[in-house]
Amino acid sequence: AVAEEVKIEVLHVPEVCSPKSKKGDLLNAHYDGFLASNGSKFYCSRTQNEGHPKWFVLGVGQVIKGLDIAMMNMCPGEKRKVIIPPSFAYGQQEYAQIKIPPNATLIFEIELYAVNKGPRSVEAFNQIDKDGDKKLSELEVIQYLKEEFARDGKKRHPSVHDEILADIFKKNDHDGDGFISAKEYNVYQHDEL
């Protein structure tokens with residue numbers, strides 16, 4: 001059997017092509033989706049969500065696998081046309097909500113607007129990890145939260161910090177040692193597959 005793959009056709013690349021998207025980045029893009037079988041459009045981000053481009057984190061399964069693959073190494077302003085086989089789309093599932101039949105090959109026309117450091121980037125971790133010991137203590141996380149809150153200028157009761165801190169550790173400190181290791185923090189480093 002021929003291994004199915006995502007086919008990528010680059011339609012436009014701006015003169016300055018940087019930064020290029022990578023796994024874990026936060027992307028902002030418009031895309032239209034069509035059925036390869038008959039060319040009918042099943043999705044258009046310009047008509048959804050009041051026409052705002054979609055934001056999502058690349059490579060973590062927030063979009064179908066084919067789009068995660070198709071949008072790697074893309075730069076702001078770049079346009080691509082991609083053909084996504086069923087195994088990288090919805091497979092044998094029907095997606096009746098947007099009229100996608102089982103085993104459908106999908107075509108997307110994508111325009112990428114922005115590539116930002118994702119919420120779980122290595123840079124963000126290093127920023128919080130003041131002593132560079134590759135793990136985040138409660139003190140480091142509190143300090144980071146204070147800086148973040150100071151930046152947006154809203155007054156918050158100190159108890160809010162405690163609640164957020166408790167929540168962060170509950171969700172991220174998997175081994176319960178009171179620290180969030182680089183591995184625990186960076187949930188996006190390991191591939192889901």
Side-chain angles (χ1 to χ4, degrees), residues 3-34 43-46 48-49 51-91 105-136 140-141 143-145 147-148 151-152 168 171-174 179-193:
E4 291 190 327
E5 60 177 8
V6 175
K7 292 187 176 65
I8 300 170
E9 182 187 342
V10 176
L11 303 175
H12 171 76
V13 180
E15 279 179 36
V16 178
C17 184
S18 146
K20 290 202 169 213
S21 60
K22 61 187 185 312
K23 185 174 184 150
D25 281 345
L26 187 63
L27 303 190
N28 185 236
H30 260 316
Y31 49 85
D32 295 333
F34 305 88
Y43 183 82
C44 173
S45 60
R46 287 176 179 81
Q48 316 264 334
N49 191 17
H52 297 299
K54 282 181 75 79
W55 284 101
F56 62 93
V57 177
L58 184 64
V60 300
Q62 288 185 356
V63 290
I64 57 172
K65 184 135 184 68
L67 283 175
D68 269 342
I69 293 167
M71 296 183 71
M72 289 284 179
N73 292 318
M74 236 180 138
C75 55
E78 186 173 333
K79 294 178 184 172
R80 289 181 177 178
K81 180 179 176 181
V82 298
I83 300 173
I84 300 175
S87 58
F88 291 104
Y90 299 100
T105 296
L106 309 180
I107 297 172
F108 282 94
E109 288 175 4
I110 306 162
E111 182 173 1
L112 184 61
Y113 291 105
V115 176
N116 293 339
K117 297 217 178 314
R120 291 297 177 111
S121 66
V122 175
E123 291 88 347
F125 182 88
N126 292 338
Q127 210 179 337
I128 305 169
D129 183 21
K130 297 277 190 239
D131 61 7
D133 64 356
K134 297 290 175 229
K135 55 187 184 187
L136 307 181
E140 286 171 331
V141 175
Q143 193 52 47
Y144 176 73
L145 290 174
E147 289 167 15
E148 286 290 296
R151 213 174 287 155
D152 76 8
I168 288 171
K171 290 195 173 101
N172 295 285
D173 180 18
H174 305 301
F179 291 94
I180 299 172
S181 68
K183 192 169 180 200
E184 287 171 331
Y185 174 85
N186 198 337
V187 293
Y188 299 153
Q189 249 170 359
H190 61 273
D191 283 303
E192 271 65 42
L193 293 177

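Remember, predicted model here, so these are calculated numbers, not experimental data.
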Nearest 0.5 Å, please: how far is [atom2] in [Y] from [atom1] in [X]?
X: Met74; Y: Asp25; atom1: CE; atom2: CG; value: 13.0 Å
X: Asp173; Y: Phe179; atom1: CG; atom2: CZ; value: 9.5 Å
X: Lys135; Y: Ile128; atom1: NZ; atom2: CD1; value: 16.0 Å
X: Tyr113; Y: Asn28; atom1: OH; atom2: CG; value: 8.0 Å
X: Lys23; Y: Ile69; atom1: NZ; atom2: CD1; value: 10.5 Å
X: Leu58; Y: Leu27; atom1: CG; atom2: CG; value: 5.0 Å

From CA spacing to verdict: side chain to side chain contact (heavy atoms under 4.5 Å, CB included), Phe125, Leu136: CA-CA 8 Å; Phe125 182 88; Leu136 307 181; 3.5 Å; yes

If only atom types and distance count, is the side chain of [X] paired as donor or acceptor with the main-chain N or O of [Y] below 3.5 Å?
X: Ser21; Y: Val115; answer: no
X: Glu140; Y: Asp131; answer: yes
X: Glu4; Y: Pro85; answer: no

Derivation of the side chain to side chain contact (heavy atoms under 4.5 Å, CB included) call for Tyr144 and Lys130: CA-CA 9 Å; Tyr144 176 73; Lys130 297 277 190 239; over 6 Å; no

What are the two closest non-hydrogen atoms of [X] and [Y], and how far apart are they?
X: Ala70; Y: Ile8; answer: CA-CD1, 3.8 Å
X: Ser18; Y: Pro76; answer: O-CD, 3.9 Å
X: Leu106; Y: Ala89; answer: CD1-CB, 3.6 Å

Sub-4.5 Å side-chain heavy-atom contact between [X] and [Y]:
X: Asn126; Y: Lys134; result: yes
X: Pro14; Y: Cys75; result: yes
X: His30; Y: Cys44; result: no
X: Leu26; Y: Phe56; result: no

Could you check whether atom NZ of Lys22 has more than 12 heavy atoms from other residues, nucleotides or ligands sitting under 6.0 Å from it?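 Yes - once you tally the heavy atoms of other residues, nucleotides and ligands closer than 6.0 Å, there are more than 12.
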
Candidates Arg80, Lys54, Arg46, Lys81 - the one meeting salt bridge (Lys or Arg N to Asp or Glu O under 4.0 Å) with Glu111: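 Of all the options given, the one that passes is Arg46.
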
Regarding Lys20 and Glu78, does a basic nitrogen lie under 4.0 Å from an acidic carboxylate oxygen?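 Between Glu78 and Lys20 there is no salt bridge, as every charged N stays at least 4.0 Å from the carboxylate O atoms.
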
Lys65/Asp68 ion pair, N-O < 4.0 Å: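 Here Lys65 does not pair with Asp68 in a salt bridge, since their nearest N and O are not under 4.0 Å apart.
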
Identify which one of Phe108, Phe88, Tyr31 satisfies the side chain to side chain contact (heavy atoms under 4.5 Å, CB included) criterion when paired with Val82.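 Running side chain to side chain contact (heavy atoms under 4.5 Å, CB included) over Phe108, Phe88, Tyr31 with Val82 returns exactly one hit, Phe108.
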
Go through Ile107 and Ile84 one step at a time and tell me if the side chain to side chain contact (heavy atoms under 4.5 Å, CB included) criterion holds. CA-CA 6 Å; Ile107 297 172; Ile84 300 175; over 6 Å; no

For a side chain to side chain contact (heavy atoms under 4.5 Å, CB included) check, start with the C-alpha distance between Leu67 and Ile110, then their side-chain angles and the critical distance, and finish with the verdict. CA-CA 9 Å; Leu67 283 175; Ile110 306 162; 3.8 Å; yes

